[in-house]
Amino acid sequence: MNNKYKITLKHLKTKENIIFLTITVLIFLALNILLTIAYFAIDYQSDLQKYNVNSRSLIVYSDNKNNGQLDEISNISHVIANVSDKYYNPFYTTLEQFNTNNQKGYGAIKALITTDDIKIIKGRNVLNDYEIVIPVRFYPHGESSIEKSDYKKNILNGNDLIGSEIKVRANIITDHISHNDPDYEEKMEEIKNQNPIIAFKVVGTYDPKDNLVEMNTCFVNMGAIDLLKSDISGGAYSVLKDGTEEYSDNYYEDRLVIVDEYKNYEYVKNELLKMGYSFSEILEIDKTIDLFFYIPLAISGVLVIIIFALIYNFILKKYRIRHINIGLLKAIGYANKQINKIELLENLIITILGFILAFIIYLIIYFFVTNNFLGNFDYYSVVLEIPYFYNLILTIVTLIYIIFINNKIGKKFLKYPISELLKED
């Protein structure tokens, strides 16, 4: 082994190196965690705008306009869908065939309004009213059940279900029964049982992570929604002059409008306002999520300054402590360039080792947290990704900084004559 490598390895176990390594691991670990949080905040917003159709969808109110007037909305550039708001909300239903010992089957059946809503993984898309597409990782249960530690055991491989049937009870008959009726539960159950059971054939699977929907969301065409839901959107009581209450049904009269891309969203909203329409956005991104970007980023900036200051002081202190060793190396014939390489190699090894140890600990924490505490993220198809690229940039910048500082400080100390370096403090 080359003598300079032997000297480097001998110095690695010194007290100052061990202290520096420990501090480096802690700071790099904190930076990894903070960068993950900041990256998630910005990446999640970007993914919502790019992939989630609700981020570019509007409910446009009819405001007593007729269907002909509402149809004119389709003439606005970048509008790719203008349909009844009946097709907005999924049809939530029990899925008894997926009942387990401790969880009831439950799913959401959503209208496939444009073919771009989903990307087929296996099989094909729906072609008629009695076909259905399910998630490739299919969790046919409610959100509340994911709090159970074993919920992943109930995630089904959707590909295995292609060709099978999913049976759903429709909700076409919606006779209103007053909650004050003493036989309310019995009558509601009777009405429910009058509704037909519709069998849908599973013809394909899609990845819910591609459009950020729940793992129990299945897609059918709009005609299938007509088989499952009535045209009644709800109802309301009105008080008559004699003091009695009268119940009347409300119908779907508004429109669901979908824009082709998020970048054209504002344009369509402005055009609707010009045409005199009022509307509401289906998905408004809560700007408080920006705090999860700016706060970790600010703390990361402070930590980077601290680690850079620590590296500078660490290298400077080592040169001051080792001036006699440096003098001896020069005395026995080592060139300044060789001595500088010995010190640089030692500093790079310590820093790289710090990165590696910090990243190993980070991965342990990451997988522990994602597997045990972020079940809701999994359910809503949200991925907490590791920011490998930004970690790589941080590593490269730190190593370049170490090379620069080591050369700068080393050049200063190596200018001293041997007699000056060999003097005791």
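No experiment lies behind these values; they were computed from the predicted model shown. Values below: every heavy atom of this structure, side chains too, minus hydrogens, waters and symmetry copies.
Formation of a donor-acceptor pair under 3.5 Å by the Glu131 side chain with backbone atoms of Leu127 is found in this model. No donor-acceptor pair closer than 3.5 Å links the side chain of Asp207 to the backbone N or O of Pro135. Remark: the backbone N or O of Val53 is paired with a side-chain donor or acceptor of Ser57 at under 3.5 angstrom. Side-chain N or O atoms of Asn406 include none that pairs as donor or acceptor with a backbone N or O of Ile402 at under 3.5 Å. When atom types are taken as modelled, the side chain of Asn195 and the backbone of Arg169 share no donor-acceptor pair closer than 3.5 angstrom. A distance-only check finds no donor-acceptor pair linking the side chain of Thr205 to the backbone of Gly158 [under 3.5 Å]. Using modelled atom types, no side-chain atom of Ser74 and backbone atom of Asn82 make a donor-acceptor pair closer than 3.5 Å. The backbone N or O of Leu256 sits nowhere less than 3.5 Å from a side-chain atom of Asp85 that would complete a donor-acceptor pair. Side-chain N or O atoms of Gln97 include one that pairs as donor or acceptor with a backbone N or O of Glu165 at under 3.5 Å. At distances below 3.5 Å, at least one donor-acceptor pair connects side-chain atoms of His141 with backbone N or O atoms of Lys104.
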- [ ] List the steps and the verdict of side-chain contact (heavy atoms from CB on, under 4.5 Å) for Tyr362 and Thr36.
- [x] CA-CA 10 Å; Tyr362 162 78; Thr36 301; 2.5 Å; yes

- [ ] Kindly determine whether Ile23 and Leu310 satisfy side-chain contact (heavy atoms from CB on, under 4.5 Å), including the steps that lead there.
- [x] CA-CA 9 Å; Ile23 296 172; Leu310 180 67; 3.3 Å; yes

TODO: Show your working on side-chain contact (heavy atoms from CB on, under 4.5 Å) between Ile118 and Asp210 and close with a plain yes or no.
DONE: CA-CA 7 Å; Ile118 58 174; Asp210 286 340; over 6 Å; no

Open item on the list: Please determine whether side-chain contact (heavy atoms from CB on, under 4.5 Å) holds for the pair Thr351 and Phe28, giving the CA-CA distance in whole Å, both sets of side-chain angles, and the decisive distance to 0.1 Å.
Closed with: CA-CA 10 Å; Thr351 306; Phe28 286 148; 4.2 Å; yes

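Between Val203 and Ile162 there is no side-chain heavy-atom pair separated by less than 4.5 Å. With a 4.5 Å cut-off on side-chain heavy atoms, Asn391 and Tyr39 do not count as touching. Using a 4.5 Å heavy-atom threshold, the side chains of Leu112 and Val220 count as separate. Looking only at side-chain heavy atoms (C-beta outward), Val202 and Ile166 come within less than 4.5 Å of each other. Contact check for Leu272 versus Tyr267: no side-chain heavy atoms found under the 4.5 Å cut-off. You'll find the side chain of Pro296 stays beyond 4.5 Å of the side chain of Phe293, heavy atoms only.
Side-chain contact of Tyr380 with Glu143: a donor-acceptor pair under 3.5 Å is present, judged by distance alone. Using modelled atom types and a 3.5 Å distance limit, the side chains of Asn171 and Ser230 yield no donor-acceptor pair. For Asn216 and Tyr379, the side-chain atoms include at least one donor-acceptor pair closer than 3.5 Å. With hydrogens and angles left out, the side-chain atoms of Asp117 and Thr114 include a donor and acceptor closer than 3.5 Å. With no hydrogens or angles considered, a side-chain donor-acceptor pair links Asp129 and Asn221 at under 3.5 Å. Checking Glu385 against Tyr366 by side-chain atom types alone, no donor-acceptor pair falls below 3.5 Å.
In this structure, Glu253 has no salt bridge (charged side-chain N to carboxylate O under 4.0 Å, His left out) partners at least two apart in sequence or on a different chain. Listed by chain and number, the residues in a salt bridge (charged side-chain N to carboxylate O under 4.0 Å, His left out) with Lys86 are Asp226, Asp231 (sequence neighbours excluded).
Ring centers of Phe40 and Phe377: under 6.0 Å apart, within the cut-off. When ring centroids are compared, Phe279 and Tyr61 stay outside the 6.0 Å threshold. Taking the six-membered ring for Trp and the full ring otherwise, the centers of Phe373 and Phe368 sit less than 6.0 Å from each other. Taking the centre of each ring, Phe138 and Phe98 come in below the 6.0 Å mark. Taking the six-membered ring where the residue is Trp, the centroids of Tyr401 and Phe404 are separated by 6.0 Å or more.
For CD of Gln69, the number of neighbouring non-hydrogen atoms (other residues, nucleotides, ligands) closer than 6.0 Å is greater than 12. Summarising the local packing, OH of Tyr390 is surrounded by 12 or fewer heavy atoms from other residues, nucleotides or ligands at distances under 6.0 Å. Atom OH of Tyr130 is surrounded by 12 or fewer heavy atoms from other residues, nucleotides or ligands within 6.0 Å. The environment of OH in Tyr265 is crowded: more than 12 heavy-atom neighbours from other residues, nucleotides or ligands sit within 6.0 Å. Counting non-hydrogen atoms of neighbouring residues, nucleotides and ligands closer than 6.0 angstrom, the CG atom of Asn75 exceeds 12 such neighbours. Other residues, nucleotides and ligands place more than 12 heavy atoms under 6.0 Å from the CZ atom of Phe20.
With salt bridges taken as basic N to acidic carboxylate O contacts below 4.0 Å, none links Arg56 and Asp260. A salt bridge links Lys318 with Glu346: at least one charged nitrogen is closer than 4.0 Å to a carboxylate oxygen. By the 4.0 Å N-to-carboxylate-O rule, Arg255 lies close enough to Asp71 to be salt-bridged with it. With respect to the salt-bridge test (charged N to carboxylate O, under 4.0 angstrom), the residues Glu281 and Lys269 qualify.
In this structure, the separation between CG on Leu212 and NZ on Lys50 is 11.5 Å, given to the nearest 0.5 Å. To the nearest 0.5 Å, atoms CD1 (Ile27) and CG (Leu34) are separated by 11.5 Å.
Ring pair Tyr92/Tyr106 is parallel by interplanar angle, where below 30° counts as parallel and above 60° as perpendicular.
Considering Ile311, Ile352, Leu348, Ile403 as possible partners of Thr398, the one that fulfils the side-chain contact (heavy atoms from CB on, under 4.5 Å) test is Ile311.
Residues Asp254 and Val60 come closest through the heavy atom pair CB-O, 3.3 Å. In this structure, Asn89 and Lys229 approach most closely via the heavy-atom pair O-NZ, 3.4 Å.
Taking the centre and axis of the six-membered ring of Tyr277, the NZ or CZ atom of Lys65 falls inside the cone set by 45° and 6.0 Å.
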